[in-house]
Each structure stands twice: as structure tokens, then as C-alpha cells.
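Worksheet for the structure shown next.
Proteins get letters first, then strands, A, B, ... in listed order; numbering begins at 1 in each.
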2 protein chains.
Amino acid sequence: MAKKYERIAEALRQDIRAGQLRPGEKLPAETKLAEQYRTSVPTMRDALRELHAEGLIDKRHGIGNFVRKPRPRVERNNERHQWEKDRARLVQAEREKTGSTEHDTGLTVSDLAFKADFREVPANEDLAAVFSVPEGTLLLERNYRTFPREGDAPFSLVTSYLVREVVSANPDLLDAANEPWAGGTQNQLLTLGIELDHIEERIMARPPTAEEAEELGLQKGVSVFQLRKISTDTTDRVVEVSDVILPGDRTEMVFTTPLARW
Amino acid sequence: MAKKYERIAEALRQDIRAGQLRPGEKLPAETKLAEQYRTSVPTMRDALRELHAEGLIDKRHGIGNFVRKPRPRVERNNERHQWEKDRARLVQAEREKTGSTEHDTGLTVSDLAFKADFREVPANEDLAAVFSVPEGTLLLERNYRTFPREGDAPFSLVTSYLVREVVSANPDLLDAANEPWAGGTQNQLLTLGIELDHIEERIMARPPTAEEAEELGLQKGVSVFQLRKISTDTTDRVVEVSDVILPGDRTEMVFTTPLARW
DNA sequence: GAGTGGTCTAGACCACTGT
DNA sequence: CAGTGGTCTAGACCACTCC
């Protein structure tokens, strides 16, 4: 015999998929549900936990359980990097002509930085290795919180690192008040005479920390993408390292790899 | 005051990180632990569930809870695609000279197919759209189970689709007995006169289905990468679609994006 | 304050594993 | 068989949200 909580979960799944329970709709209280399904509250909660892990329901403490509205997935395409690079110079060219209308144009098509927070930190072992600098080298750490335009939940947590020494040639870059910066990071690097050659991204999936779950409005059990983006310039020097946390249930990452012709 | 099960989880985390509890070591029985921490068994289990979700312990029914040995992460780099493409012709060249020593050289550096299972299916709406063929078009569906060389748990579940009509020019490709195929899929396509131009990969993270958890030896709550790889040839035709499930806790995906010079 | 989900207890019994 | 984790019960009380 199937486990009781699984049978209950399956019954609720059917109701949801069949449209008996519609997106946004509130489920009966857990005590009521336990009664309906002739079981105890803890067992009922086991069933609900299953649905929750699958992303079918949202749990809201003190309010209730709700059938989840399918959240729009956001696509993150690696073509954005070339796009950003092209744009970095465009913006620069226009600046020379027109002045500064740049403030409207955000960083990237679907990102809009609302909060930027800068500080200086010494490189730990990990970062020192990636940058190929001695441990303890001063880095500029920049924290961003970005939101989708629609005023939904915040969408990604970004921590970016630059070598302080390298950046100091342009003092504007040290001030968080200048964010969001028209033309994005690649334009910032351009002001330092740095051109990027390639970008490497390493992706892992893991459960969110309590902090991340809080900030991203995630529920326990939903996994996050952890992405480390490493930007290397044309002299083969690592110039930026960026750690990004993305909600696994709302993000779709797309990478296109071109192949050399035979 | 912090929640009790969180305090207990934290205490155990410390013990693990500090090396008091070593990888592979068995924890005391849940009843004993509950006693030690002066709590009930269900609460103790809440704490253990937390550690389990974080990948710090393995739960083995009927045996015990164990500190997890850090499983080697497998790196999946997109440079493999170019590597495979180069290799596809190399193998071909050597075949003409020497004969068939190809059987030793697997598909890709760290993959080894142990089980291949072929069948023909009509294209559903989803696949038809990707291939740009009418719904119902016959596809060759190939299921692979790959294992890391060390005889550990199976490592990825792959379902690959090709348009049956296209493949039939080389009947050898229709027989699962010819797997693993020296030179991999790109060599198979080469025998059909097909050269790939680029590969697109779409990545999502989600909890595993019960089936996947079973096959990959995953534990509940650990998420999987779902990767769809779309291969397009030099005539801009989609020739292969491959759905891959990878364990999120053991896989690190790496993508390098080259940028055009200014 | 009323109603909700979250935490916690103290057990009982079942299912799985190894000897 | 003994020992383990998995499921399930029937409650109590706390923390949160809304009115």
C-alpha cells in the first residue's frame, strides 16, 4: 500500500492539475484538510510538504496554503555578454556626443539594480586563487540586489569582486552612489582601459541558506542556482569575479556554444 | 530564542565541520540523539532533515545516518562540444587507416554508457516545435544511463531525440547494439553528412521525480539539473535534442563565452 | 481576538537491513 | 533476530497575520 501522505499528496495534485483547485486559491486550513482526509495534522503536513517541495503550493505562515501561480521564468542567456560588450562602447560613444541620458538604460535588459552596497575586503584564499593575487590583496566588493521590472520579488543576489588597485584609476567606480552605471560593468572596465576577452560561468545547484531564502522570497526546499562568473581580459588577466544567486524555480539559463567549421 | 531543531542542527553541523564527526562515520541512532539533546524523536528528525537537505548527511533506512563523504564533483564543460566535434573526424580518419580500435574510447572523457535503449516515438507538441516538424513525426528516442568510471552511482540520465527519417540513411544508427558508438553523436551525424554549427543548452533546477531519485541514487530534497541540449547543423536545422538529468549536488557546469574583440 | 501555519511532545507500529 | 529509520497518531502551545 502506498504511504498515506503520498496518497493525499497525489489526490491534491490531481485537484490542482485538473483545475479543481485553481492558481492563487487558498486551501482549507490544515486541521480541516486533516479531517477531510481522515488523518492527523502532522501526516497532513507531510503531504503538504511534498507539494511544497514540488513548487505546487505556497505556504504562508499565519495565512494559509495557496495553490501556486506559475511564476514567469526569467531567461538568462549567455549572448547577453556579447550584447553588453557591444553596448559598453555604444554608450561611451553617445556620451561623448550627447551628454547623459544614460540613466534610464539599466544594466541589462531585464535587470534593474535597486540597491548597491560597496566595501573593501581582503582576498580570501578562494578569491586570491581565482584572481591570481596574494591572499589579503584588497578587493572591492560590490553587492547588488536586482528586481524584475514588475515590482515582484527581488530576483537575484549579486556579489561582484574587483581588485581595488586596478579600479582606483577611476575614483567614480568606488562610489556606490554612481550605480546603476550606464553601460554596465563592461563599460566601467572600459574606463580603465580594460577589454574583456571571454567570460567563464560555473553553475551549481544547492538549497538556499536561510538568509537567501529570506531575501529572494524563496521557500524552504526550493533550490538555488549558484553561479560564479569569471571575466578575463585580453591580456588573460582575471578582472572581475561575480557570485550570483538565482532562484532555481524561476530561472532558465541558456548557453549557446558555437562550433568551428570543418 | 532560536528554534530547537535549528539549534540541534547547528550543533551537529559544528561537529561535522570541526571534524568531531568524520565523513563516513555513523551517527548515533535517532532515539539516542534525541536523548542526548533532550528532545523528542520527531524534533530530532526535523534537525536531521535540515542537515540532509544541505547534503551533510546521508540517511539510510534500516541502517543509520551517516556523515556524508564529499562526493567528487564532476565538471561539465561546454568546451566538450568543440572537443567532440574535433574528435568526430579524427576517429573517422583513423578508422579508414587502422580498422576499429574505437571501442575503448568512450563517448566523452568522463562518460561511459552502460545501457542504451532505443525506440521510436511520434513527436509530441513540445519536441515537434523544437525540431520544426509536424506533430506526430517519427523520432528515434535513445535512452542512455551513464556511470562514472569508478563504479559509483549512475551519474546522468540522458534521453536523446533524432528525426527518424534523417537517421535512416545509416541503419547502423538504429541499432542500440552499436552503442557506445566511437566518436559519439557528432560522429554518428557525420556518417549522415551532417555537421553541427552550434549547440544551445537550457538549464533549469527542480526537485527530482521519485523515479529519478531512485535511478540516480539521490535523496529526497536534493535538486537536479534539467538540461536540454539542442544541436543545430550548418544549414540551421535542429538535428538532435537531448534531455539530460544531472544530480545537482555532484555536478558543476562550466560555460565559457568568448567575446569578439573591439 | 480569531484563525492560521510552525514547533514540539511522547508515544505506537511498520519497513528495511544485516547477522 | 535485533536495530535502525519511516510513518502515523493525538494532542499542546507558540508565532504570525488580519480585522
task = Quick one: list whatever passes salt bridge (charged side-chain N to carboxylate O under 4.0 Å, His left out) with A:Glu141, sequence neighbours left out.
result = A:Arg119

Which nucleotide in D:dT7, C:dT9, D:dT9 has an atom nearest any side-chain atom of A:Thr43 = D:dT9

inquiry  = Just to verify, what does A:Asp126 make a side-chain hydrogen bond (donor to acceptor under 3.5 Å, both in side chains) with, not counting sequence neighbours?
reply    = A:Arg228

A:Arg142 to A:Tyr161 six-membered ring, cation-pi geometry met (6.0 Å, 45°) = no

key: Distance in angstrom units between A:Met44 CE and D:dA10 P, rounded   = 15 Å

query = Can you check the B:Arg38 CZ to C:dC8 P distance for me, whole Å?
reply = 17 Å

request  = Taking only heavy atoms on the protein side, list every residue of residues 8-17 of chain A lying under 4.0 Å from any atom of DNA chain C, sorted numerically.
outcome  = none

query = Among side-chain atoms of A:Thr159 and A:Asp243, is any donor-acceptor pair under 3.5 angstrom?
reply = no

ask   = For B:Lys3 and D:dC14, is the shortest distance between a side-chain N/O and OP1 or OP2 below 4.0 Å?
value = no

ask   = When the distance from CG of B:Asp58 to P of D:dG6 is rounded to whole Å, what number comes out?
value = 12 Å

key: Test side-chain hydrogen bond (donor to acceptor under 3.5 Å, both in side chains) applied to A:Thr251 - qualifying residues, sequence neighbours left out   = none

request  = Can you sort out the partners of A:Arg45 under side chain to side chain contact (heavy atoms under 4.5 Å, CB included), two or more places apart, ordered by chain and number?
outcome  = A:Glu30, A:Val41, A:Lys59

remark   = To the nearest 10 degrees, the angle between the two end axes of the helix from C:dG1-D:dC18 to C:dG18-D:dC1 (five pairs per end) comes to 20°

task = To the nearest Å, give me how far apart NZ (B:Lys4) and C1' (C:dA10) are.
result = 12 Å

key: Residues that B:Glu10 engages under side-chain hydrogen bond (donor to acceptor under 3.5 Å, both in side chains), provided they are two or more places apart   = B:Arg13, B:Gln14

key: Partners passing side chain to side chain contact (heavy atoms under 4.5 Å, CB included) against B:Gln226 (at least two apart in sequence or in another chain)   = B:Met204, B:Arg206, B:Ile245

remark   = From the candidates C:dA10, C:dT7, D:dT9, the one with an atom nearest any side-chain atom of B:Tyr5 is C:dT7

Under 3.5 Å, N/O pairs linking protein and nucleotides 3-5 of chain C:
unit_1 : atom_1 : unit_2  : atom_2 : d
C:dG3  : N2     : A:Gly62 : O      : 3.0
C:dG5  : OP1    : A:Asn65 : ND2    : 3.3
C:dG5  : OP2    : A:Glu30 : N      : 2.9
C:dG5  : N2     : A:His61 : NE2    : 3.3
C:dG5  : N3     : A:His61 : NE2    : 3.3

inquiry  = According to side chain to side chain contact (heavy atoms under 4.5 Å, CB included), who are the partners of B:Pro23, at least two apart in sequence or on a separate chain?
reply    = B:Lys69, B:Pro70

With sequence neighbours excluded, residues passing side-chain hydrogen bond (donor to acceptor under 3.5 Å, both in side chains) with A:Glu200 = A:Arg202

Sequence-distant partners of A:Asp46, side chain to side chain contact (heavy atoms under 4.5 Å, CB included), two or more places apart = A:Tyr5, A:Arg49

